[in-house]
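Accompanying notes for the structure given below.
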Amino acid sequence: MIEQQLIQTGGVQVIIEPEGVYWSVDGAGLGSYVVESGVVSSGLILDQDTLTVKNGGTLRDTQVLSGSLVTLESGAALASTITLGGTMRVNGPVLATGAEIVFSLDQRDVEKDSASAIVSNLSQISGASYTITVSPDQDKGTYILADNASSFTGSITVKNATGKTLGPVSVGGYLDYDITRYTLTRNASNQLCLTVSSNISDVSEKVFLYRNGQLVQAFISVNGVSLSSGGTYDTMYVTVGGIASNITLSLGGSLIIASGAQISNLTHNGGIINLNLKSDDNTLVTGNNQYGTFSYQNGVISNFAFYAGAVQEISSGMT
């Protein structure tokens with residue numbers, strides 16, 4: 001086979017044939033690609049584009065971003081890693097021995113995309129392994145991974161957007177990681193689905209402590225807890241009404257603060273603070289780092305700082 005590596009094209013059609021070498025400049029998307037028999041297409045990034053792989057053509061190391069479509073004709077092949085934020089239509093048997101197909105849910109909108117599968121006709125793909133990537137704040141709801149999945153009996157590895165493995169999940173089972181549950185099912189229409197939900201059910205407990213993604217302890221309130229990579233706990237989730245005092249957060253640790261939580265005397269030596277706030281809530285956060293004190297109170301954020309190894313994430317429209 002002849003291998004060509006392509007650069008994204010916008011607004012034109014590119015026919016990739018063994019006899020020709022096609023290079024193109026970056027474009028605005030809406031490009032159309034055809035991979036003919038005898039060609040390996042490698043390194044293509046599709047952004048609002050379409051691509052068809054003909055019988056005898058091979059698609060390898062391709063990113064299909066949200067809004068893009070790949071069509072695999074009978075006799076096409078997949079190799080290496082195919083990342084799907086967009087859609088893959090399978091029109092016949094496809095050989096994918098050793099290939100990894102990644103369902104990139106961090107690119108999907110659960111409301112907008114809820115009615116459409118990422119991959120059609122999954123049973124026609126043979127030899128592939130499957131991975132799901134999710135964001136830390138993945139929207140709750142059910143995502144349709146594939147149609148015609150009656151023959152799927154394996155497991156799928158769930159990873160976060162940075163590539164960290166959260167664990168495997170099998171059909172009819174679930175994976176709990178931190179405060180999120182990932183449940184893999186096959187519905188009555190033989191669609192393979194992943195449901196993202198909260199795994200917190202005991203409303204009397206407000207503060208949840210984790211290590212390596214597994215719940216260790218839960219309390220109404222806590223005092224004097226350290227969070228770090230390799231420590232007794234690496235993640236704390238404080239829900240509405242929860243109280244946490246004298247907390248030390250170091251590199252590798254995470255503190256997730258829901259709207260309405262109360263955090264006082266937080267020592268921030270590194271790690272991630274994730275604030276999920278509303279402008280009219282009663283959330284309280286006070287603490288200190290190497291630059292001095294910081295706080296969130298009465299809808300006002302004061303003196304939060306970025307420094308090496310530390311991240312602050314603010315959601316729900318706060319600035």
Side-chain angles (χ1 to χ4, degrees), residues 105-106 109-111 134-142 160-161 166 174-183 195-228 231-250 252-268 271-289 293-305 310-319:
L105 298 190
D106 50 314
D109 185 308
V110 70
E111 294 184 1
V134 294
S135 66
D137 56 351
Q138 188 74 43
D139 288 340
K140 302 298 189 292
T142 297
N160 65 19
L166 308 186
Y174 63 84
L175 166 68
D176 281 340
Y177 192 90
D178 284 347
I179 61 173
T180 304
R181 173 166 292 182
Y182 306 97
T183 304
T195 299
V196 180
S197 61
S198 172
N199 63 14
I200 297 173
S201 58
D202 189 346
V203 296
S204 67
E205 296 167 334
K206 306 294 185 182
V207 183
F208 301 85
L209 296 168
Y210 298 82
R211 183 180 182 189
N212 295 327
Q214 302 301 312
L215 180 64
V216 179
Q217 288 183 295
F219 303 93
I220 296 175
S221 63
V222 296
N223 180 61
V225 171
S226 296
L227 305 171
S228 65
T232 303
Y233 314 110
D234 55 31
T235 300
M236 176 188 292
Y237 177 52
V238 187
T239 65
V240 58
I243 300 173
S245 306
N246 300 307
I247 307 302
T248 300
L249 177 62
S250 301
S254 296
L255 175 59
I256 305 168
I257 305 169
S259 178
Q262 306 280 310
I263 312 295
S264 61
N265 198 23
L266 167 64
T267 300
H268 190 198
I272 296 174
I273 300 175
N274 188 318
L275 298 173
N276 297 280
L277 305 174
K278 298 177 181 178
S279 60
D280 58 350
D281 67 16
N282 62 344
T283 307
L284 171 67
V285 181
T286 64
N288 64 85
N289 56 28
T293 61
F294 58 88
S295 66
Y296 172 80
Q297 189 171 10
N298 298 324
V300 178
I301 294 175
S302 177
N303 296 329
F304 274 78
V311 178
Q312 285 88 36
E313 298 180 2
I314 304 170
S315 62
S316 297
M318 299 302 299
T319 57

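In what follows, every heavy atom counts, from backbone to side chain, and hydrogens, waters and symmetry copies are set aside. None of these values were measured; they are calculated from a predicted model.
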Exercise for the section: Verify the distance criterion only: is there a donor paired with an acceptor across the side chains of S135 and D137 at less than 3.5 Å? Expected result: yes
Handout entry: Between T195 and T142: side-chain donor-acceptor atoms closer than 3.5 Å
Key = yes
Under the side chain to side chain donor-acceptor pair (under 3.5 Å) test, which residues partner [X], sequence neighbours left out?
| X | answer |
| --- | --- |
| T267 | none |
| S221 | none |
| D139 | none |
| N160 | T162 |

Does any part of the side chain of [Y], heavy atoms only, come nearer than 4.5 Å to the side chain of [X], both counted from C-beta?
| X | Y | result |
| --- | --- | --- |
| D178 | L166 | no |
| I263 | Y296 | no |
| T293 | T286 | no |
| N265 | S245 | no |

Practice task
Looking only at non-hydrogen atoms, find the nearest pair between N282 and Q262 and report the distance.
Solution key: O-NE2, 2.7 Å
Practice task
Compare every heavy atom of I220 with every heavy atom of V207, then report the nearest pair and how far apart it is.
Solution key: CG2-O, 3.8 Å
Exercise for the section: Flag yes if more than 12 heavy atoms outside Y174 fall under 6.0 Å of its OH atom; otherwise flag no. Expected result: no
Going by atom type alone, with no hydrogens or angles, which donor-acceptor pairs under 3.5 Å involve a side-chain atom of residues 232-244 and a protein atom two or more places apart or on another chain?
unit_1, atom_1, unit_2, atom_2, d
Y233, OH, Q217, OE1, 2.3
D234, OD2, N212, N, 2.8
T239, OG1, K206, O, 2.9

Handout entry: Given L255, T248, L227, the one that forms side-chain contact (heavy atoms from CB on, under 4.5 Å) with L266
Key = L255
Exercise for the section: Apply salt bridge (Lys or Arg N to Asp or Glu O under 4.0 Å) to D176 and list each qualifying residue two or more places apart in sequence or on a separate chain. Expected result: R181
Completion exercise
CD1 of I247 to OG of S226, rounded to nearest 0.5 Å, is 8.0 Å
Handout entry: Rounded distance (nearest 0.5 Å) linking atom OG of S295 with atom CG of L284
Key = 8.0 Å
Exercise for the section: Using modelled atom types only, decide if a donor and an acceptor are shared between the side chain of Q138 and the backbone of L105 within a distance under 3.5 Å. Expected result: yes
Exercise for the section: Evaluate the criterion side chain to side chain contact (heavy atoms under 4.5 Å, CB included) for residue pair F208 and I256; output intermediate values, then yes/no. Expected result: CA-CA 10 Å; F208 301 85; I256 305 168; over 6 Å; no
